[in-house]
Amino acid sequence: MPATARRVLITGVSSPLGARLARRLADDPAVEHVVGVDDRRPPEDLAQRIAYVEADLPSGRLASALKLAAPQVVVHHDVVQFPEPGRTARSLHDLNVVGTLQLLAACGELPGLQALVVRGSAAIYGSEPDAPAFFTEDLAPAGPAGATRFQRDIGELERLVAAFARRRPAVACTVLRLQPVIGATLDNPIMRLFRAPVVPTFLGFDPRLQFVLDEDAIGAVAAAVHRPVRGAVNIAGAGTVSLARTLHRLGKRTLPIAAPLYGPTVAALARLGGLPPMGDDVVRYLRHGRGVDTTRMERDLGFTPSHTTAQAIDAVAAAERRREAAAA
Amino acid sequence: MRLLGSLPLARELGSVARLVAGPLGGDFEEDEWGYAPGFVEAATPLLDFLHDRWWRITAVGTEHVPAAGRALLVANHAGVLPWDAVMTATTLRRAGAGGGRAPRFLVADQAFGLPWASVAIRRAGGVAASPHNALRLLHQDQLVMVFPEGARGAAKPFAERYRLQRFGRGGFVELALRTGAPIIPAAIVGSEEIYPKLGELPGVARLPVTPTFPLLGPLGAIPLPSRWRIAFGAPMDLGGLGPEAADDRGTVLEIADEVRDRLQGMVLEQLIARPGAFR
């Protein structure tokens, strides 16, 4: 981190991962002051340790609060792929695209801003059968293209950040493209799927998957706060693990379904309450998977996740077994 | 059933069915590419059966395949399913060549959309045909196998078998120049008779089937038992040109033509050496 960059502002500070990131930065002796922005109140312990600004990003009433906070680093962590409490499915597009637009407009008026770190997603590459086995950062579609709503939104978001980076060359703008985050305490569609009684898979397909453990996802953002890198950086645990082996390690039973019947069957199971709703990105990921190249993460960001993909899966499996044993 | 069981052919087919079912059901350690040595091991009886008895493969020049370090095998190609790549790997293993390494091969994109086949191909060492995959594999000092005819090779009619199609833009030469990998031409004869494409059947044109398909249904996907020969040529070392040459279109296309001519010559040699397509 630049020696003078001691004030850090985080958007989406009240989400589970955002709150953990804020705690970590608040514990960091190199960080003097943490300002959290969200339209939901952060957990009480956190609210006492950081300055909390209640603001709804897409509404755009952020400029004056941002000026007052005068951060040297802005972490845009309020980029949301799946609905969660306080983030309905309908609001996601507004939040991801309009929210980013408003935040960048407010950042444009900050003279002391040195770095912008955006929590993006490897979903920008999509999941395709003929895709390269390891996407490098230059292989993202140039514009808002893609098979799913989130993929198009995240493409639009990155375009906005790139335009901001061109306008403000003094600000180092980093976009972290995270592979799906897993963790025993997380509640996202992939974790809900891992906790379902059976996991529906595509008959005859066994994609290569890549994950990042939640603590490594936080570690990667913290690394970028300390050492901003210009442009996009893929974030993932080393290696890939096939879906069949992932579910085997988790001790899950599978329900293979022929591709044309997958959608209706999963929808019916969801209505019966046996399955969580998954979303297009997850469904495509379960069919074709995705791998990313992490050379930039190691070399430029100087970050190596504590867990490989296989170790992240094992860590989640161990925690889930402990949880089930405690419940029994 | 007892009557059928007494027939040698039925017994053979029964054991082949078990050979096929074994590896597909298993659970295997995979590397980051999804390559599973355990899968290949489990499939070895089937692969050896195909190599020795179904296609009766003769291999020559296996000593040209280096035991270590990156290298680019460049071969002629036909058909949607990469039997040619899998049999090249089998023949190298049987000959103890290539340092015991399985070649990693680039497969036409469409094969990766097929259920089961895509998984089997990946576990056997196949990756989607993308220069990014080939570059990463070569940087990892792997033996990489490419089929520059690509989809044009897979789609050519039976009458044009063993006539090498255009080598595209010479992408494989760029790969060799950028990574300093030697090019080893590999001529495969026999693979172009296993799924003869006699005509255009809408909807079926891209499926791996023999002309028996309309009569026999799914059994039409069983490849015909042609006789194969695989010949490996002496490595062509482009290291002297340096990686900058990869940006010189003229040089790249010139080398691509040279490789194509050499490979076409090798294919003809092997055709002459073969007693007959199905004998």
Side-chain angles (χ1 to χ4, degrees), chain A residues 125-140 179 201-211 234 236-252 254 256-262 284 286-295 308-311 313, chain B residues 20-21 23-39 80-82 104-140 142 144 150-151 154 171 175 178 206 218 221:
Chain A
Y125 303 115
S127 292
E128 306 291 339
D130 54 355
F134 295 92
F135 281 100
T136 47
E137 284 82 357
D138 56 326
L139 292 177
Q179 281 282 42
T201 58
F202 282 91
L203 184 66
F205 289 89
D206 186 24
R208 294 159 54 250
L209 307 180
Q210 206 176 27
F211 296 110
N234 293 332
T240 65
V241 177
S242 76
L243 174 63
R245 291 194 68 78
T246 302
L247 298 176
H248 183 76
R249 280 163 185 257
L250 289 162
K252 300 306 299 183
T254 61
I257 304 169
L261 302 175
Y262 191 88
R284 296 185 65 85
L286 290 180
R287 180 162 180 183
H288 299 304
R290 175 174 61 238
V292 298
D293 176 274
T294 51
T295 307
T308 65
T309 289
Q311 288 165 345
I313 294 165
Chain B
V20 174
L24 275 179
D27 178 32
F28 303 102
E29 280 293 343
E30 298 181 348
D31 74 357
E32 63 167 20
W33 297 91
Y35 165 68
F39 170 78
V80 177
L81 292 184
R104 307 303 181 92
F105 49 96
L106 268 63
V107 184
D109 296 346
Q110 46 186 336
F112 273 96
L114 300 174
W116 292 293
S118 56
V119 179
I121 289 169
R122 188 190 74 207
R123 287 180 177 167
V127 299
S130 149
H132 304 285
N133 285 341
L135 269 179
R136 187 180 173 100
L137 283 166
L138 287 171
H139 281 305
Q140 293 174 351
Q142 298 280 359
V144 178
L175 291 171
R178 278 193 210 293
R206 308 206 135 217

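By convention in this document, chain letters (A, B, ...) are assigned in the order of the sequence lines, proteins followed by strands, and residues within each chain are numbered from 1. All values derive from a computational prediction rather than experimental measurement.
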Spacing of A/L250 atom CG and A/R245 atom CZ [to the nearest 0.5 Å]: 12.0 Å
Cut-off 4.5 Å, heavy atoms of chain B, and the answer for A/A310 is neither
Heavy-atom contact with chain B under 4.5 Å, split by part of A/A133: both
Taking the side chain from A/D206 and the backbone from A/S242, do they hold a donor-acceptor pair closer than 3.5 Å? no
Does A/F134 form a ring-ring contact (aromatic ring centres under 6.0 Å, His included) with B/W33? I'd like the steps, not just the answer. CA-CA 9 Å; A/F134 295 92; B/W33 297 91; 5.1 Å; yes
Under a 3.5 Å distance rule, please check whether A/R284 uses its side chain to pair with a backbone N or O of A/S127 as donor and acceptor. yes
I need the contact set between residues 131-139 of chain B and chain A: heavy-atom distance under 4.5 Å, sorted by residue number. B/H132, B/N133, B/R136
Chain B contact via A/L139 - which portion, at a heavy-atom distance below 4.5 Å: side chain
Take the angle between the ring planes of A/F135 and A/Y125 and call it parallel below 30°, perpendicular above 60°, tilted in between. parallel
NE2 of A/H288 to CD of A/E128: how many Å apart, nearest 0.5 Å? 6.5 Å
Please verify the inter-ring angle class for A/Y262 with A/F202; under 30° counts as parallel, over 60° as perpendicular, anything in between as tilted. parallel
